[in-house]
Structure formats: C-alpha cells, structure tokens
*Asks:* 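Provided herewith is a single structure, encoded as structure tokens, for subsequent inquiry.
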Amino acid sequence: MENQKWWQKSVVYQIYPRSFQDSNGDGIGDLKGITRRLPYIAELGADVIWLSPVYASPNDDNGYDISDYQAIMKEFGTMEDFDEMLEKAHELGLKIVMDLVVNHTSDEHGWFKESRKRGDNPYSDYYIWRDPKDGMKGGEPGAEPNNWGSCFGGSAWKYDEEAGQYFLHLFSKKQPDLNWDNPKVRDEVFSMMTWWLEKGVDGFRMDVISLISKPEGLPDGKAASTGFASFDLCATGPHLHEYLKEMNSRVLSKYDTITVGECPGVPMEEARNYANLDGTELNMIFQFDHMSTEYDPKVGRYGLSKISLPELKAAINKWETGLEGYAWNSLYWDNHDQPRAVSRFGNDSDEYREISAKMLGTCLHLMKGTPYVYQGEELGMTNCPWNSLDEINDIESRNNVSQNIEKGLVKEEDALEIMRRQSRDNARTPMQWDATENAGFTTGKPWLRINPNYTVINAEDEVKREDSVFAYYKKLIHLRKESDLIVYGDFEPLVPDSKEIFAYVRNLEGQKLLVVCNFSDQQVEFDIPEEFKKGERIIGNYEDIADYSLVRPYEAFALTC
Ligand code: NOJ
C-alpha cells in the first residue's frame, strides 16, 4: 500500500468521439457534443476520460491515421472547442487522456509526404523503407522485403511509385510505420507530447506501443494460414524499453500523468517492465489475452468460435496474479475495437441483458487494477443486428472477412453472422442517449447505423431508474472509491475449472472480499468458503439474498468478512 497513486484509484471512461454526441447535425460526434455530456460522466463517477483520437485525419481508420498531431479533426471542431472541453472537464474534476498514435502516422502526414520523395531529405529516414527483396523486374517491383502481414489483412508492405521502394505498414496502407530508431522521430514525438501536456491534458493512452521497435534486420516470421506472418516479432522489439524510458525521462516524469500502453502480444515479463512499480516507463498496459480466448487458429478473431469460461478465467487470472508485486494492471471488457461485452461474455436477450451486464461489471470492477468503462457499457449496450455487409464501415473487419472468404477460410453465408458477433462496429454504433429519433445522438443522418434497441436501452431512462445498469455501475465505482481492499487487495482465484462460475477472493491485511459471478443461464451450485458464510453483502445484482450456495442465472455478489 506504499506509494499509492491517484490513477490506481481512478476509473477511466473511454469516449469514441465519432459516436458519442453530435452537436451540429452532420451525423458525426464532435467536441462540443462531448462538452455537453461531461456532466453525465461525472454523474457516473468516473474520474478520467480517455478520448480516442481527435487529431486531423483522413479517417482511413477513424482517426488512428493522423495527418497532424497538433490540429483537431475538422468534423470534430476546432482547437478552441478542445480547450473549452478540457476546461469544463477539469472544472468537473475529470481528467483528459489523449490517444497517442505514434507507431504510425497517416500517409497524408507532412512527414510522409516528404519522406517518400526520392533523394535524401531530412525526412527520408522517418519511416521504414526497403527495396524489393529481389530488386526490380522489367520495371516492376520484385517481392515484398519480408513476409509480414498487416493487421488489417494482406502484406504489411506497399510499394510506393514515388519513392521507388516499399514502406512498412502494420495496419492499413494509409498508416505507414514510423522509424523509431531515428532519434529525430523520437524528438518530434516527445516535443508533440510536451505540447499537449503543457496545454493541460492529463496523460496518454498509447496505441500499439508494443510494436514501435522493429527487430534488427526485419527477418521473416512464421507464416500463418493466411500466407503472412503476424507481427509477433515486433511485439518484443530490441529497443522498446529503452525508448519508453527515454520518453519517461524526457517527457512523462516532468508531469503528473496517467499512462497506459496498448500492448498486443506482450509476454508477462515484458509487461512487468512496461508498467513497473518504480514508474520508469508507463503506469499500466492493456494486454489482450482475455480478448482472444475464442479466436480461431485459422481465421483469428473473425470466426464463429465460442468462449469457454475456464479459458477466459485462466487468461484474466494469469494477469491478476502475474503482475502482483511487479506492475499495475488495467481492467477492461470492452473498447472501440471489441464487440459489446454484454453480447460477447454475457447474454443480450431481453430476459438476461441487464442482469448479465451487471454481473460483468461486478466481476471486473472488484478485481485489482484500474477499470475502464467504454461508452455505453454502463448502459448494457449490445451488438448490432446488422442487416447487410454494406452497413459495416470498419476497415479491419471488412478486409479480414472478405479476404478470409476469398481464401476459402470462411463461408460467404457466415459473413454477416461473423460481423454481428465480432465486428468492431458493434462498439461504434452511436451512443444511445434517449428514445427520440436517432437516439438523441444527432439531428442529421448518423455516420453509422444506430442500434434499433435504443428505444429500450438509453441513458435518459437508465439515469432515472434505480435498478438500471447505469445505477449499478455508479455503485460499483463508488464502492472502489471507498475501499482500499478493492483497490489494493491481493487477488486469489477460486474454482478455475468451473464452466459457469468466476469467483475470486481479495485480501488486504486480514480484510477479505469474496466475489462470485455466474456466467451461465443456469442455477449453479457453489461451495461458499466457510469464513464468508456470515459475511456482509456489499453489492449484488439480484434484489434479495437467496441461498449463496445456489447461484442464480447471471447472479453476481460480493461478500466481505
Ligand atoms: C489500435 C486501435 O485501438 C485501433 O482502433 C487501430 O485500428 C489500431 N491500433 C491502429 O492504430
């Protein structure tokens, strides 16, 4: 309990600005819309807001392709709107965390436009350029420099006519990877971060930060069924910790910030370094093990496999126990890259949606780490019943699903069901504010379809209702604020093999908390540890306390002793 930090006791609320609140009727969320809704987030009790990118961008990947780090995306408003939002947030006691996307820029960024010009110029070495593996053949480029695949499908290399070389893009062709080995690139990034911190922002969520240091010589990787290697090799790059330490000493250590690194593919030992308790790198990271337990070995996330609870628990328990004493954890079920939690891990039927959304909240918010709530999760928003593939905007799911169909890895007739279950757009449908037209999100035509269930699931109703998912989340957040046991207690997993029950005990200096969650629609027997039999229930998602040894469908409760 030494060295307590404010961000260990915080709850972070993630806003996907495009889908949060439109203020000018163009169908796209914006900064003025966010400012208007800040009191809603304060009411929920979250104290930090993570804003998905709001910088200038041609929107190939909805803002994760940045063309100017110090300008605001036109559709979202102006820098004055940003300053006003920041000021209002601070007045309400809410901190603002920016999304720092510096593994790559947009190909429309000024640096890239210069970099692709032939001949040496100050930007030539800002990106990762390579000649074709076997040179040019009859005026045409030979093979790609290595077999790496892009996260959005296909090769991770694109030949650029203007440059006469290939450039690396681990994401879309419009997201060239920056060359972090170039000290000038690091200088640029660090001074841009300083500029935002001087403006008063409170920290950064760092997009795919685990990928910034590429392996020496860019060797081929083990090819997957798609014919391309994944980028695992980049996730443990040779200079990663060196660069993060440099960032820390040159920028972060000078401010009181909250930092979280998005770290796909990170092994535990690495994570312990990233988020080490001495604070020499970042405060915490997002790992992905529990986000991928159901992935199909052949098609990855865009398949139809089902989650098994023992595997999901093993993934979560591993991080809860593995970071203990070394590093701080972050807790999430949902974000803009994942399907809706209640549809994926709970049950979104009329009968069980609310109860299972509350169960998921209980399970996550009483663990050790900083919890993240993704917009609409606090309402139990669900996946969208897409009518056709044309409704999908998300570049990742569109590319991957169509390439998997072409390769015969998935059946065309399954494509829509795959999108309904897995597309990132499930999380990106506009926020459901009320039951009026377009869910109160916009007076214009929404950029992405609104989930038709907004007449039943919306903030206006839930803020008023005492038994709503919103009210329950509010209670969970409040409980954490009052309890060192919830923030700092050790985590001990129970019943790891149960296919229905997720249970654990938190322990701090003799005080104990038992958390029991039923992930199934069946009543399940559970052997409650003796010491908790006379325990006090601090929260539960069924009104009455029945027999604790028979846990009802999607029931969750927490007992202290
Ligand atoms: C992770 C972000 O969360 C995701 O939305 C984006 O597509 C990729 N990084 C590329 O920036």
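The figures here come from the full heavy-atom set of this structure, side chains too, leaving out hydrogens, waters and symmetry mates. Order of appearance sets the numbers: ligands from 1, and atoms from 1 within every ligand.
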*Asks:* Looking only at heavy atoms, which two atoms of Met73 and Ser57 are closest? And how far apart?
*Replies:* CE-CB, 4.1 Å
*Asks:* Does Ile392 reach the side chain of Ser397, with side-chain heavy atoms less than 4.5 Å apart?
*Replies:*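 Yes. Closest side-chain heavy atoms under 4.5 Å.
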*Asks:* Is it the side chain, the backbone, both or neither of Arg205 that has a heavy atom closer than 4.0 Å to ligand 1?
*Replies:* side chain
*Asks:* Give the atoms of ligand 1, by number and element, whose distance to some non-hydrogen atom of His104 is under 4.0 Å.
*Replies:* 10 (C), 11 (O)
*Asks:* For atom 5 (O) of ligand 1, grab the closest protein heavy atom and report residue, atom and distance to one decimal in Å.
*Replies:*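 So the nearest neighbour among protein heavy atoms is Asp337 OD1, 2.7 Å.
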*Asks:* If you define the side chain from C-beta out and look only at heavy atoms, does anything of Tyr13 sit under 4.5 Å from Glu378?
*Replies:*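 A side-chain contact exists here, since the closest heavy-atom pair is under 4.5 Å.
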*Asks:* Among protein heavy atoms, which lies nearest atom 7 (O) of ligand 1, and at what distance?
*Replies:* Asp61 OD2, 2.5 Å
*Asks:* Given side chains that start at C-beta, do those of Glu262 and Phe288 come closer than 4.5 Å, heavy atoms only?
*Replies:* yes
*Asks:* May I ask whether Met206 places a heavy atom under 4.0 Å from ligand 1?
*Replies:*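 No.
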*Asks:* Taking heavy atoms and a distance under 4.0 Å, where does Gln338 meet ligand 1: side chain, backbone, both or neither?
*Replies:*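 Neither; nothing of Gln338 gets under 4.0 Å from ligand 1.
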*Asks:* With heavy atoms of Arg428 as the reference, note each atom of ligand 1 found under 4.0 Å away.
*Replies:*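 Under 4.0 Å from Arg428, ligand 1 has these atoms: 5 (O).
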*Asks:* Answer side chain, backbone, both or neither: which part of Glu396 comes under 4.0 Å from ligand 1, heavy atoms only.
*Replies:* neither
*Asks:* Trp196 pairs by ring pair (Phe, Tyr, Trp, His ring centres under 6.0 Å) with which of Tyr55, Tyr69, Phe204?
*Replies:*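 Answer to the ring pair (Phe, Tyr, Trp, His ring centres under 6.0 Å) test with Trp196 among Tyr55, Tyr69, Phe204: Tyr55.
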*Asks:* Counting each atom of ligand 1 from 1 as listed, which ones have a heavy atom of Arg424 under 4.0 Å away?
*Replies:* 4 (C), 5 (O), 6 (C), 7 (O)
*Asks:* Return the closest protein heavy atom for atom 2 (C) of ligand 1 as residue, atom name and distance.
*Replies:*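 Going by distance alone, atom 2 (C) of ligand 1 is nearest to Asp207 OD1, 3.0 Å.
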*Asks:* Taking non-hydrogen atoms only, is Phe152 closer than 4.0 angstrom to ligand 1 via side chain, backbone, both or neither?
*Replies:* side chain
*Asks:* Under a 4.0 angstrom heavy-atom cut-off, which atoms of ligand 1 come close to Glu262?
*Replies:*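 Every atom of ligand 1 under 4.0 Å from some heavy atom of Glu262: 1 (C), 3 (O), 9 (N).
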*Asks:* I need the minimum non-hydrogen distance between Ile285 and Ala271, along with the two atoms involved.
*Replies:*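 Where Ile285 meets Ala271 most closely, the heavy atoms are CD1-CB, 3.6 Å.
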*Asks:* Any idea which heavy atoms bring Lys199 and Asp83 closest together, and the distance?
*Replies:* NZ-OD1, 2.7 Å
*Asks:* Report the relative orientation of the aromatic rings in His336 and Tyr64; use parallel for angles under 30°, tilted for 30 to 60°, perpendicular for over 60°.
*Replies:* parallel
